[in-house]
Amino acid sequence: MIRILIVDDEPIERMALQRIIETSFTDVEIVGQASNGREAIESAELLKPDLITMDIKMPGINGLQAIERIKTFNDTVKFIVVTAFDTFEFARSALQMGVSDYLLKPSKTTVIQETIGKVVHDILSNRIESEHRRMDSERLRRMLPIVEADIVSQLLFDDAPSVHLSEMIDLLGLPATKGGFVINLLLSESSHEGRPEHGRHEELEGLHAVIVKQIADWNVHCWIGKITGNQIPIILFMEGESSYRSYAVIMGRKLVQAALRHSGYEPFAGIGGLYSELKELRKSYHESMLASVDLSLPARFCLYEDLPRHDSKSISRLTMDLEKNVLEDVRRGHFEAAADLVRQMIDVYEGAGERVAIAQQRVFEVLVIVSRMLQEMGVEIQKLYYQGQTTNYMQLRTETRLLVTSIAEAAAQNNGDLETGLLLKLKHYIKDHAHEDLSLERLAAVVDRNPFYVSKLFKEQFGMNYIDYLTECRMEAAKQLMLESEMSLKEITFEIGYNDPNYFSRVFKKIVGHSPTDYRKQLLRPVDKKQL
């Protein structure tokens with residue numbers, strides 16, 4: 001609805017113009033009238049109109065002066081000036097002030113309709129364009145954290161970053177910086193012993209969202225990775241005149257305090273060293289892992305540079321915890337999380353400068369234990385072996401990933417009937433709750449699985465994404481409501497879970513082949529007895 005304020009010192013002119021506007025347009029509302037410039041300014045500030053028809057010659061503050069004042073507090077309002085003086089000087093002044101159009105007294109009704117209609121159309125077009133810009137901005141805002149997390153993963157974990165990495169960094173904008181370092185925020189579950197597994201993933205994701213928002217409030221230059229296992233990797237860039245050490249200590253302490261305030265987990269921040277090149281940040285990540293060996297430190301954070309030495313005993317303490325978590329995740333069927341932890345084990349060995357042969361042997365021992373545990377659970381696992389002695393950590397990661405994948409595939413095949421049952425449970429849940437806001441995270445929580453795993457499995461099993469099935473359920477519900485009720489299409493839109501009738505109409509036509517209006521007409525059309 002377009003809000004219009006009419007300004008004229010002649011009451012008859014105001015009433016006549018209001019009558020013409022109200023009888024000619026359905027998408028406008030006359031929100032007020034003013035008889036002079038002073039009233040116009042006060043009314044514009046109070047009523048916030050979209051369009052003002054402004055008489056020029058008025059006692060006291062004239063129309064042009066009022067326009068100038070109004071623009072100081074509302075620079076989006078449109079003006080149509082009304083005058084009996086068609087002079088070049090007036091036209092020039094009005095154009096300089098950004099007036100949209102003008103009307104001469106007296107004007108024919110058709111001229112008034114055409115002039116106001118044109119400006120109203122411009123206002124509506126601007127609103128649509130502004131909404132598109134807002135939606136584009138919102139999509140970009142939602143996309144950037146995903147891009148940011150992908151960049152962190154590639155810089156810290158991937159041995160062969162994608163060819164699009166530089167483009168993704170350009171999208172975020174690399175801050176002008178004196179270097180960067182990694183803080184790895186680990187979340188211990190020791191205070192959650194005996195706690196049921198259900199909801200663990202949602203808790204961690206929720207805490208990750210809180211940390212992301214908290215860091216945004218601090219207004220620091222950083223890239224935040226996704227939560228993997230029980231850790232959140234964060235790349236922080238140096239800024240201002242602070243020294244690396246003072247800045248690292250401040251951020252480590254703030255991250256720990258934020259996690260303590262918003263969760264029951266016991267956080268610990270391992271802080272890697274400062275590096276000037278992006279490609280060197282993986283070293284900082286390895287160092288942050290090594291700085292997390294002793295989680296009992298009262299400060300709950302540790303800088304890598306403060307470690308006295310990196311002996312095999314301290315490394316074993318860290319990898320031992322990782323090994324235990326690998327076995328626990330496999331037991332629960334969380335193979336993606338287990339794979340992340342195995343990768344972290346390799347990172348620790350590489351960061352400590354351990355020989356790759358020793359790292360391969362220890363990782364292999366863990367995988368053998370995993371295979372034996374699965375065999376005891378009735379899962380047939382083929383004999384595990386590396387192709388040979390790996391010569392570097394990149395090769396070790398690649399071959400280890402293949403072994404973990406083969407273990408996961410064997411377990412998935414064995415649990416096929418179970419997973420099918422879970423997915424059928426999901427389908428029933430989606431159908432029963434199709435009118436609600438169903439996110440992938442919520443659906444995954446129903447069957448206590450990782451959201452990405454659920455999405456992949458759903459598509460493989462049923463040949464469609466969960467959102468496509470949700471849409472089908474909503475369309476079937478809409479057709480049923482059209483047949484069995486007298487609800488309006490707008491009411492049906494909200495009833496089946498949508499907020500925008502226009503969007504519902506487009507989706508319905510795409511799925512059903514007819515618009516909701518045409519489909520309902522077909523339902524109500526009497527049957528031709530001659531066709532029976």
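- Within 6.0 Å of NZ on Lys226 lie no more than 12 heavy atoms contributed by other residues, nucleotides or ligands.
- Heavy-atom contacts from other residues, nucleotides or ligands closer than 6.0 Å to NZ of Lys78 number 12 or fewer.
- Under a 4.0 Å N-O distance rule, the pair Arg442/Glu436 qualifies as a salt bridge.
- The main-chain N or O of Arg69 is found under 3.5 Å from a side-chain atom of Thr72 such that the two form a donor-acceptor pair.
- In this structure, Gln522 contributes its side chain and Tyr519 its backbone to no donor-acceptor pair below 3.5 Å.
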Pair Tyr498-Val507, side-chain contact (heavy atoms from CB on, under 4.5 Å): steps then yes or no = CA-CA 11 Å; Tyr498 289 119; Val507 173; 4.2 Å; yes
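- For the pair Asp518 and Lys509, the salt-bridge criterion is not met [side-chain N within less than 4.0 Å of a carboxylate O].
- Annotation: Tyr503, atom OH; neighbour count of heavy atoms from other residues, nucleotides and ligands within 6.0 Å does not exceed 12.
- Side chain of Ser505 to main chain of Pro501: no donor-acceptor pair is present (N/O by atom type, distance under 3.5 Å, no hydrogens or angles).
- Here Gln154 contributes atom CD and Ile151 contributes atom CD1; the two are 8.0 Å apart, rounded to the nearest 0.5 Å.
- Under a 3.5 Å cut-off, the side chain of Ser107 and the backbone N or O of Leu104 do form a donor-acceptor pair.
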Open item on the list: As a quick check of understanding, evaluate side-chain contact (heavy atoms from CB on, under 4.5 Å) for Val82 and Ile56, giving each step before the final call.
Closed with: CA-CA 6 Å; Val82 182; Ile56 292 299; over 6 Å; no
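- The shortest heavy-atom contact between Phe73 and Ala44 is CE1-C, 3.9 Å.
- Between the side chain of Ser24 and the backbone N or O of Ile21 there is no donor-acceptor pair closer than 3.5 Å.
- Using a distance-only test at 3.5 Å, with no hydrogens or angles considered, no donor-acceptor pair links the side chain of Arg3 to the main chain of Glu29.
- Surrounding NE2 of His121 are at most 12 heavy atoms belonging to other residues, nucleotides or ligands under 6.0 Å away.
- Here CG of Leu124 is found 5.5 Å from CG of Asp27. Values are rounded to the nearest 0.5 Å.
- For the atom pair CG (Leu481) and CD1 (Ile492), the distance works out to 5.0 Å, reported to the nearest 0.5 Å.
- We find that Lys105 and Asp8 are joined by a salt bridge, their nearest charged nitrogen and carboxylate oxygen being less than 4.0 Å apart.
- At distances below 3.5 Å, not a single donor-acceptor pair connects side-chain atoms of Asn465 with backbone N or O atoms of Ile467.
- In this structure a side-chain-to-backbone donor-acceptor pair under 3.5 Å is present from Ser153 to Ala149.
- Side-chain N or O atoms of Asp468 include none that pairs as donor or acceptor with a backbone N or O of Met464 at under 3.5 Å.
- A salt bridge links Arg38 to Glu42: one of the charged nitrogens lies within less than 4.0 Å of a carboxylate oxygen.
- With rounding to the nearest 0.5 Å, the separation of CD in Gln33 from CD in Glu13 is 11.5 Å.
- Closest heavy-atom contact between Met58 and Gly37: CE-N, 3.7 Å.
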Glu114 and Lys118: salt bridge (charged side-chain N to carboxylate O under 4.0 Å, His left out), yes or no, with the steps?
CA-CA 6 Å; Glu114 180 181 353; Lys118 177 178 176 297; over 6 Å; no
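- Asp101 contributes atom CG, which lies 5.0 Å from atom OG1 of Thr115 (distance to the nearest 0.5 angstrom).
- For the side-chain contact (heavy atoms from CB on, under 4.5 Å) test, residues two or more places apart in sequence or in another chain that qualify with Val210 are His262.
- Enclosure of atom CD in Glu486 is not indicated, since only 12 or fewer non-hydrogen atoms of other residues, nucleotides or ligands lie within 6.0 angstrom.
- Listed for the Gln231 side chain is no donor-acceptor partner under 3.5 Å among the backbone atoms of Asn184.
- Atom NZ of Lys431 sits in a sparse spot, with 12 or fewer heavy atoms from other residues, nucleotides or ligands closer than 6.0 Å.
- Using a 4.0 Å cut-off between charged side-chain N and carboxylate O, Arg127 and Asp50 make a salt bridge.
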